[in-house]
Amino acid sequence: MPTTSARTRMDSIDSIQRELTAFSRRARAIASQIHPGLTLVSYAILDHLRDVGGCRGTDLAGHFLLDKSTVSRQVATLEKLGLVERSPDPEDQRGQIIHPSETGAELLRKAGEQRRQAFLNRLAHWSDDDVAVFADLLERYNAEPR
């Protein structure tokens, strides 16, 4: 593999694609370790629900760019596992707000601790500056329009 300075833009794009695929595979494996009934998508949905304090299924579909039926199946699985609950939407009584249950919130708390420790271990030999640059670049990448 060429050094950073000798890489063409296409070499770099290919490397980014490979590395993000590897990252995604690790994330999927970690999701199933956190709870055997969780997929990466269901874990991401649960995590998002915690971050936003709950939302409607249509909001989830829009956020994740998923079909409403896909979100509905994922939420049904999370509900069956006791990880989410529904409450009436105060702005529209026909709708429901989906939010993590106490069990779901505790699972996320424990998972967050495990993930943080895994990153600390994986990046232990990196300098603080390298970790900061990596964080900045990931934030920049994820902030780009889809």
Side-chain angles (χ1 to χ4, degrees), residues 1-87 89-90 96-146:
M1 178 54 57
T3 64
T4 303
S5 60
R7 280 187 195 194
T8 67
R9 186 171 187 86
M10 289 310 297
D11 288 339
S12 295
I13 296 294
D14 290 344
S15 179
I16 290 167
Q17 183 177 346
R18 275 191 311 277
E19 297 307 318
L20 287 176
T21 298
F23 184 85
S24 179
R25 285 185 184 130
R26 269 195 312 279
R28 280 193 297 275
I30 290 169
S32 66
Q33 290 171 359
I34 291 168
H35 189 288
L38 286 182
T39 64
L40 180 58
V41 172
S42 59
Y43 178 79
I45 287 172
L46 183 61
D47 194 43
H48 180 71
L49 289 170
R50 181 208 37 210
D51 288 348
V52 298
C55 64
R56 296 173 66 142
T58 54
D59 299 326
L60 289 170
H63 177 77
F64 289 103
L65 302 175
L66 294 171
D67 185 77
K68 291 178 191 175
S69 64
T70 300
V71 169
S72 180
R73 283 191 303 275
Q74 295 292 331
V75 169
T77 298
L78 288 167
E79 201 168 23
K80 186 182 270 187
L81 295 171
L83 301 176
V84 298
E85 299 172 336
R86 298 173 189 260
S87 59
D89 184 342
Q96 294 183 325
I97 300 294
I98 306 157
H99 54 88
S101 65
E102 285 185 31
T103 302
E106 179 62 14
L107 182 136
L108 287 168
R109 187 191 66 71
K110 288 179 181 176
E113 289 174 6
Q114 291 171 352
R115 284 187 0 226
R116 187 174 300 106
Q117 189 58 52
F119 279 112
L120 284 169
N121 292 342
R122 191 170 195 93
L123 303 173
H125 65 283
W126 290 31
S127 72
D128 290 348
D129 286 343
D130 284 348
V131 172
V133 167
F134 186 51
D136 289 344
L137 291 172
L138 283 174
E139 288 169 5
R140 180 175 162 194
Y141 175 78
N142 285 325
E144 290 292 322
R146 298 170 198 220

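The basis for the numbers below is simple: all heavy atoms, side chains too, and nothing from hydrogens, waters or symmetry mates. Every value quoted in this text rests on a predicted model; they were computed, and no experiment measured them.
At a threshold of 4.5 Å between non-hydrogen side-chain atoms, the residues L40 and I30 do not count as touching. Side-chain contact between L38 and L78 is present, with at least one heavy-atom pair separated by less than 4.5 Å. Between I97 and R86 there is no side-chain heavy-atom pair separated by less than 4.5 Å. Q96 places none of its side-chain heavy atoms less than 4.5 Å from the side chain of D89. Two residues are said to be in side-chain contact when any heavy atoms from C-beta on lie closer than 4.5 Å; Y43 and L108 meet this criterion. Taking the side chain as every heavy atom from C-beta outward, R122 and R26 approach each other to under 4.5 Å.
Contact record, D11 with T8: N-OG1, 3.0 Å, taken as the closest heavy-atom pair. Pairing each heavy atom of S42 with each of Q74, the nearest pair is CB-OE1, 3.2 Å. When every heavy atom of L83 is checked against every heavy atom of L46, the shortest pair comes out as O-CD1, 3.5 Å. Taking both residues in full, the closest heavy atoms of A111 and I34 are given as CB-CD1, 3.6 Å, listed atom of the first, atom of the second, then distance. In terms of heavy-atom proximity, V71 sits nearest to G57 at CG1-O, 3.7 Å. The two residues E79 and V84 have their closest heavy-atom pair at N-CG2, 3.5 Å.
Checked for salt-bridge contact, R50 and D47 meet the test: a charged N lies under 4.0 Å from a carboxylate O.
A donor and an acceptor atom, one from each side chain of R73 and T77, are nowhere located under 3.5 Å apart. Between S69 and D67, the side chains place a donor N or O and an acceptor N or O closer than 3.5 Å (distance only, hydrogens not considered).
Other residues, nucleotides and ligands contribute over 12 non-hydrogen atoms within 6.0 Å of the CD atom of Q117. Residue-environment remark: CG (D128) stays at or below the threshold of 12 foreign heavy atoms within 6.0 Å. Residue E113 qualifies as enclosed at atom CD: its count of foreign heavy atoms under 6.0 Å is above 12.
Between the side chain of N142 and the main chain of E139, no donor-acceptor pair closer than 3.5 Å is present. T21 places a side-chain N or O within 3.5 Å of a backbone atom of Q17 that can act as its donor or acceptor partner. At distances below 3.5 Å, at least one donor-acceptor pair connects side-chain atoms of S101 with backbone N or O atoms of G82.
Of the candidates I45, T70, V52, I45 is the only one forming a side-chain contact (heavy atoms from CB on, under 4.5 Å) with L60.
Take A44 and apply the side-chain contact (heavy atoms from CB on, under 4.5 Å) test, not counting sequence neighbours, and it matches F64.
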